[in-house]
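Here's the structure, in structure tokens; my notes come after.
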Amino acid sequence: MAIDPVCKMNVEPAKAVAKADYAGQMYYFCSEACHKAFTGEPQKYAGNAPHGGHAPGGSHRHGHK
């Protein structure tokens with residue numbers, strides 16, 4: 001399981017809506033909106049996501065599935 005670096009939602013890499021490689025690390029996204037936010041400012045989000053872990057509480061700040 002991976003963590004969407006924007007909203008912190010758990011994402012299965014095989015089912016991710018989008019993915020991006022930044023600084024040699026692959027990031028997976030639950031939505032196009034999160035992917036767009038990340039690609040616009042990757043340095044803002046890249047340091048915030050634990051890679052391959054679970055987000056505490058699984059917070060999800062926007063209204064999509």
Side-chain angles (χ1 to χ4, degrees):
M1 196 66 73
I3 304 295
D4 182 316
V6 177
C7 71
K8 309 297 188 252
M9 181 177 171
N10 289 328
V11 179
E12 288 186 47
K15 296 181 180 179
V17 173
K19 61 184 179 179
D21 185 325
Y22 177 71
Q25 176 67 44
M26 188 62 67
Y27 294 89
Y28 300 91
F29 303 93
C30 67
S31 70
E32 287 294 337
C34 285
H35 180 249
K36 183 177 180 180
F38 180 87
T39 57
E41 295 183 279
Q43 68 286 353
K44 177 178 176 182
Y45 299 104
N48 295 330
H51 304 295
H54 293 269
S59 70
H60 196 214
R61 297 181 299 215
H62 43 219
H64 62 265
K65 294 181 182 181

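Quantities reported herein were computed from a predicted structural model and do not represent experimental measurements.
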Review point. Are Y45 and Y22 side-chain neighbours, meaning at least one heavy-atom pair lies under 4.5 Å?
Key: no
Review point. Which pair of non-hydrogen atoms, one from K19 and one from Y28, has the smallest distance, and what is that distance?
Key: CB-CD2, 3.9 Å
Practice item. Drop me the distance from Y27's OH to D21's CG, to the nearest 0.5 angstrom. Key: 9.0 Å
Point to revise | Least distance between heavy atoms, A46 atom then F38 atom | key: N-CE1, 4.0 Å
Revision key, fill the gap. Note: A20 and M26 closest approach over all heavy atoms is O-SD, 3.4 Å
**Study point:** Minimum heavy-atom distance between F29 and V6, given as atom pair plus value
**Key:** CE2-CG2, 4.4 Å
Practice item. Determine the sole option in C34, C30, S31, P5 for which the side chain to side chain contact (heavy atoms under 4.5 Å, CB included) test with V11 is passed. Key: C30
